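Structure first, then comments.
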Amino acid sequence: MATIGTRLFTWWRGEQVGEDQFGNRYYREKGKPTGPTGRERRWVVYKGKPEASKVPPAWHIWLHYTTDNLPDQQELPNADWQEEHLPNLTGTEFAYHPGGSIVKGGTRQKTTGDYEAWKP
């Protein structure tokens with residue numbers, strides 16, 4: 001959900017150039033570029049909660065001016081280690097909590113070569 005300022009700027013100065021599989025819409029500035037370095041402004045309007053990790057790699061490199069080619073014009077090979085997007089789970093019951101975390105009881109196993117707390 002975009003702020004009212006982003007909505008107005010998008011309506012007034014934006015030209016939609018695409019949409020990704022998550023429903024995020026991508027825009028560029030129409031007309032003469034007014035960006036701080038003389039480049040066209042590029043931005044994304046997220047569908048739902050704004051979460052930067054939902055931006056696919058091809059759109060990320062376009063947003064950050066690494067390329068001027070839109071994702072349908074790019075040939076990015078998928079590496080075998082790449083996985084499907086997993087949303088940010090911080091603050092949910094599925095968040096990662098390492099051993100010793102207060103959420104997991106606050107105690108951790110002793111290890112060899114364990115540290116000694118500093119005492120003034």
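Worth saying up front: this structure is predicted, and the values here are computed from it rather than measured.
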Kindly indicate whether the side chain of Trp59, heavy atoms from C-beta on, has any atom under 4.5 Å from the side chain of Val17. yes
Check: Lys54 and Val44 side chains under 4.5 Å, non-hydrogen atoms: no
If hydrophobic clusters are built by linking Ile, Leu, Val, Met, Phe, Trp and Tyr wherever their side-chain heavy atoms come under 4.5 Å apart, do [X] and [Y] end up in the same one?
X	Y	value
Trp11	Ile4	no
Val45	Phe22	no
Leu70	Leu63	yes

Taking everything shown except Leu89 itself, do over 12 heavy atoms lie less than 6.0 Å from its CG?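 Yes, CG of Leu89 has more than 12 neighbouring heavy atoms, counting only those of other groups under 6.0 Å.
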Give, for atom [atom1] of [X] and atom [atom2] of [Y], the distance between the pair rounded to the nearest 0.5 Å.
X	Y	atom1	atom2	result
Tyr65	Thr37	OH	OG1	6.5 Å
Glu29	Thr10	CD	OG1	11.0 Å
Lys47	Glu19	NZ	CD	7.5 Å
Asp20	Tyr46	CG	OH	9.5 Å
Thr67	Trp62	OG1	CH2	10.5 Å

Could you pull out the closest heavy-atom pair between Pro33 and Gly38, with the gap in Å? CB-O, 3.5 Å
Over all heavy atoms of both residues, which pair between Gln82 and Ala79 is shortest? Give the atoms and the distance, please.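 Closest approach of Gln82 to Ala79: OE1-N, 2.8 Å.
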With a 4.0 Å cut-off on N to O distance, would you call Arg28 and Glu15 a salt bridge? yes
Any side-chain to backbone donor/acceptor pair from [X] onto [Y]? Under 3.5 Å, distance only.
X	Y	value
His85	Pro56	no
Arg25	Gln16	no
Glu51	Asn88	yes

Could you go step by step and tell me if Arg42 and Asp68 meet the salt bridge (Lys or Arg N to Asp or Glu O under 4.0 Å) rule? CA-CA 11 Å; Arg42 299 174 180 178; Asp68 287 331; 2.7 Å; yes
Please work out which of the three classes, parallel, tilted or perpendicular, describes the rings of Trp43 and Tyr27, given edges at 30° and 60°.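 Judged by the thresholds at 30° and 60°, the geometry between Tyr27 and Trp43 is parallel.
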